[in-house]
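Structure first, then comments.
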Amino acid sequence: PRSTLDRSSAASDVYKRQDYVYNLNLTISESQIRKCVERLARLIQADYKGEPLLVVGALNGSFVFLADLIRHLHLPIQVDFIKVSSYDAALKSSGDVRLHHGVRTPVAQKNILVVEDIVDTGFTADFIRKYFENEGAASVRICTLLDKPSRRLTSVTAEYVGFEVPDQFLVGYGLDYNQQYRELRAIYSLEGVVDSGGRVTEEI
Ligand code: PRP
């Protein structure tokens with residue numbers, strides 16, 4: 001739901017892996033991310049004061065951030081994942097988010113930290129927060145690496161925010177374009193799609 005891009009117009013066969021160097025601009029570096037993750041971990045640790053915490057990653061985009069964050073958290077944590085989805089592009093703007101699969105860990109009376117890669121419209125984070133509240137969690141907080149408040153269509157706010165970002169299409173460090181580029185160590189803005197000859201075939 002974070003994208004303003006009409007993904008259906010971008011034929012996947014014009015988007016070759018080796019072309020990314022032509023149209024990805026470094027936006028947040030590895031070292032900026034590392035410092036940010038350490039800062040967020042310190043804040044979370046200070047707030048939970050040694051209390052047990054169930055850390056829940058929102059699949060798929062959060063898995064890289066979550067993996068780094070939990071290794072800086074000196075708290076007794078459990079880790080699980082949740083996947084929600086919006087059924088089609090037309091429904092995304094209406095916020096029709098549904099649970100695809102939930103956590104297997106019992107959540108009643110637990111302190112839950114939802115980890116997101118990005119909060120955009122906020123529909124996903126809003127849905128997940130309400131879901132865990134309805135399941136009887138003791139508390140629910142949201143930690144997002146990226147926050148794009150200019151796109152917000154809900155009143156949801158994250159308790160822990162890494163970077164506030166403008167309305168650009170970002171990839172890397174878990175964020176994807178057509179399921180690609182999640183493995184990049186830094187975050188890049190994607191400005192266009194180029195063909196194998198380096199010609200821009202789509203402006204984003
Ligand atoms: C992205 C991102 C967030 C959500 C944010 O997920 O990972 O979960 O969108 O958008 P929102 O605030 O508008 O709801 P996406 O559905 O693209 O799936 P992914 O995590 O698998 O990339």
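To the nearest 0.5 Å, atom CG of residue Asn25 and atom CG of residue Leu190 are 9.5 Å apart. We find the CD1-CD1 distance between Ile142 and Ile128 to be 7.5 Å, quoted to the nearest 0.5 Å. Note that the CZ atom of Arg71 and the CG atom of Leu66 stand 9.5 Å from one another [nearest 0.5 Å]. Note that the CG atom of Leu40 and the CZ atom of Phe163 stand 8.0 Å from one another [nearest 0.5 Å]. Separating the SG atom in Cys143 from the CG atom in Leu43 is a distance of 9.0 Å, to the nearest 0.5 Å. Taking CG of Leu75 as the start and CD1 of Ile44 as the end, the distance is 8.5 Å to the nearest 0.5 Å.
Follow the hydrophobic side-chain contacts under 4.5 Å out from Ile112 and you reach Val84 in the same cluster. Tyr173 and Phe63 fall within a single hydrophobic cluster, where Ile, Leu, Val, Met, Phe, Trp and Tyr are joined by side-chain heavy atoms under 4.5 Å apart, directly or via other members. Connection of Val114 to Val161 is not established within any shared hydrophobic cluster, with ILVMFWY side chains joined at heavy-atom distances below 4.5 Å, either directly or through further cluster members.
Using a 4.5 Å heavy-atom cutoff, the side chains of His72 and Val37 are in contact. Between Asp47 and Arg141, some side-chain heavy-atom pair lies under the 4.5 Å cut-off. Contact check for Ile82 versus Tyr131: side-chain heavy atoms found under the 4.5 Å cut-off.
Checking side-chain atoms of Ser29 against main-chain N and O of Thr27 turns up no donor-acceptor pair under 3.5 Å.
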Solution key, residues 101-110 side-chain donor-acceptor pairs under 3.5 Å, sequence neighbours excluded:
from, atom 1, to, atom 2, distance (Å)
Thr105, OG1, Asp80, OD2, 2.6
Lys110, NZ, Gln78, OE1, 3.3
Lys110, NZ, Pro106, O, 2.6

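Screening Ile118, Leu146, Leu26 for a side chain to side chain contact (heavy atoms under 4.5 Å, CB included) involving Ile187 leaves a single residue, Leu146.
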(request) Just do the side-chain hydrogen bond (donor to acceptor under 3.5 Å, both in side chains) check on Ser62 and Asp117 with the steps written out, would you? (result) CA-CA 5 Å; Ser62 70; Asp117 52 343; over 6 Å; no
(request) Any chance you could lay out the side chain to side chain contact (heavy atoms under 4.5 Å, CB included) test for Thr144 and Tyr160, step after step, and finish with the verdict? (result) CA-CA 6 Å; Thr144 187; Tyr160 305 100; over 6 Å; no
(message) Is there a side chain to side chain contact (heavy atoms under 4.5 Å, CB included) between Tyr48 and Leu73? Walk through the geometry before answering.
(response) CA-CA 10 Å; Tyr48 287 93; Leu73 279 183; over 6 Å; no
(request) Report the C-alpha separation of Val165 and Leu170 in whole Å, then their side-chain angles, then the decisive distance to 0.1 Å, and conclude whether the side chain to side chain contact (heavy atoms under 4.5 Å, CB included) test is met. (result) CA-CA 9 Å; Val165 291; Leu170 300 173; 4.0 Å; yes
(message) If you apply the rule side chain to side chain contact (heavy atoms under 4.5 Å, CB included), what do you find for Val55 with Val115, and how did you get there?
(response) CA-CA 7 Å; Val55 180; Val115 176; 3.6 Å; yes
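Ring orientation note: the planes of Phe169 and Tyr177 are nearly perpendicular, at an angle over 60° on the 30°/60° scale.
Screening residues 127-137 for salt bridge (charged side-chain N to carboxylate O under 4.0 Å, His left out), with sequence neighbours left out, gives Asp126-Lys130, Arg129-Glu159. The list of salt bridge (charged side-chain N to carboxylate O under 4.0 Å, His left out) pairs with a residue in residues 27-38, not counting sequence neighbours, reads Glu30-Arg185.
In this structure, Ala138 and Asn111 approach most closely via the heavy-atom pair CB-OD1, 3.8 Å. Closest approach of Glu116 and Phe65 over heavy atoms only: O-CD2, 3.5 Å. Here the shortest heavy-atom pairing between Gln168 and Ser189 reads OE1-CB, 3.9 Å. What you find for Val171 and Tyr181 is that their closest heavy atoms are CB-CB, 3.9 Å. Listed here is the closest heavy atom pair of Gln179 and Asn60: OE1-ND2, 4.0 Å. For the residue pair Leu69 and Ala41, the shortest heavy atom distance occurs at CD1-N, 4.0 Å.
A salt bridge is defined here as a Lys NZ or Arg NE, NH1 or NH2 lying under 4.0 Å from an Asp or Glu carboxylate O, and Asp96 with Arg98 meets this definition.
Residues that satisfy the salt bridge (charged side-chain N to carboxylate O under 4.0 Å, His left out) test with Arg152, not counting sequence neighbours, are Asp147. Among residues two or more places apart in sequence or in another chain, the side chain to side chain contact (heavy atoms under 4.5 Å, CB included) test is passed with Pro52 by Pro76. Thr154 is linked by a side chain to side chain donor-acceptor pair (under 3.5 Å) to nothing, counting only residues two or more places apart in sequence or in another chain.
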